[in-house]
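Only a predicted model underlies this, so the values are computations on that prediction, with no experimental measurement involved. Count residues from 1 along the sequence.
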Amino acid sequence: MSKKVKVAIIGSGNIGTDLMIKILRHGQYLEMGAMVGIDPASDGLARAQRFGVPTTAEGIDGLLAMENVDDIKIVFDATSAGAHKRHNEMLQDRGINVIDLTPAAIGPYVIPSINMDEHLDAPNINMVTCGGQATIPMAPKPPSPW
């Protein structure tokens, strides 16, 4: 893969901001296309602006109105389960893949080290929980009943 995939993060709180920083510092395959929030005074949006990331404080509507929205291929949703349902519908209508970091559980549960290959074509995947992501890959495989 020679070109990085542009992504957006909806949710400028701690989870979204931490993810943005990780993508900016270590993103071999991902590039920040937008940071989206609803509080114009949020620290996450201010940090994104300092890093030169396009921002909007107008939520999903602001993202979909951004000039570069057609370049964004994946959106990480770090908001709430209720908001995610609306976000997912709007993003799916635009053909944008969604990685759900909320408890909404619309798409299949994915633990990258366990079953990522099974869901590469899913338009929405659910990342279980941070605890699940951290511990499931270390859990011993149960013995086969056969």
field: Hydrophobic cluster membership, Leu120 vs Ile106, 4.5 Å side-chain cutoff
entry: no

message: Is there a path of hydrophobic side-chain contacts, each under 4.5 Å between heavy atoms, that joins Ile60 and Val98?
response: yes

Non-neighbouring partners of [X] that pass side chain to side chain donor-acceptor pair (under 3.5 Å), sequence neighbours left out:
X	result
Lys73	none
Thr102	Asp100
Asp61	Arg86
Gln92	Asn88

side-chain contact (heavy atoms from CB on, under 4.5 Å) partners of [X], counting only residues at least two apart:
X	result
Ile38	none
Pro40	Ala57
Asn115	Val110, Ile111, Glu118, His119
Ala83	Thr79, Ser80, His87

Drop me the distance from [X]'s [atom1] to [Y]'s [atom2], to the nearest 0.5 angstrom.
X	Y	atom1	atom2	answer
Ile72	Met32	CD1	CE	8.0 Å
Ile74	Tyr29	CD1	OH	13.5 Å
Leu45	Met35	CG	CE	6.5 Å
Phe76	Ile23	CZ	CD1	5.0 Å

So do [Y] and [X] actually touch side chain to side chain, heavy atoms under 4.5 Å?
X	Y	result
Ile21	Phe51	yes
Ile10	Val75	yes
Asn97	Ile125	no

message: Evaluate Leu101 against Leu19 for side-chain contact (heavy atoms from CB on, under 4.5 Å), listing each step before the verdict.
response: CA-CA 11 Å; Leu101 305 175; Leu19 178 58; 4.0 Å; yes

task: Under the salt bridge (charged side-chain N to carboxylate O under 4.0 Å, His left out) rule, collect the residues that match up with Asp71, sequence neighbours excluded.
output: none

message: Test of understanding: with salt bridge (charged side-chain N to carboxylate O under 4.0 Å, His left out), list the residues that count as partners of Glu89, not counting sequence neighbours.
response: none

- request: Could you tell me whether Glu31 atom CD has more than 12 heavy atoms of other residues or ligands within 6.0 Å of it?
  value: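 Enclosed.
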
field: Met66 and its side-chain contact (heavy atoms from CB on, under 4.5 Å) partner, picked from Leu63, Leu64, Asp70
entry: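 Of all the options given, the one that passes is Leu63.
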
- request: Show the numbers, then the answer: is there a side-chain contact (heavy atoms from CB on, under 4.5 Å) between Met127 and Ile99?
  value: CA-CA 7 Å; Met127 296 303 292; Ile99 299 178; 3.5 Å; yes

query: Can you list every pair that meets side chain to side chain donor-acceptor pair (under 3.5 Å) and has a residue in residues 32-46, with sequence neighbours left out?
result: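 For residues 32-46, and leaving out neighbouring residues, the side chain to side chain donor-acceptor pair (under 3.5 Å) pairs sorted by first residue read Ser12-Ser42.
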
- prompt: What pairs of residues pass the side chain to side chain donor-acceptor pair (under 3.5 Å) test when at least one of them lies in residues 16-25, not counting sequence neighbours?
  reply: Asp18-Lys22

Donor-acceptor under 3.5 Å (Asp77 side chain, Ile9 main chain):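 Side chain of Asp77 to backbone of Ile9, a donor-acceptor pair under 3.5 Å: no, none is there.
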
For [X] versus [Y], what's the shortest heavy-atom pair and its separation?
X	Y	result
Gly59	Val36	O-CG1, 3.2 Å
Met20	Val53	SD-CG2, 4.4 Å
Gly62	Thr56	CA-OG1, 3.6 Å

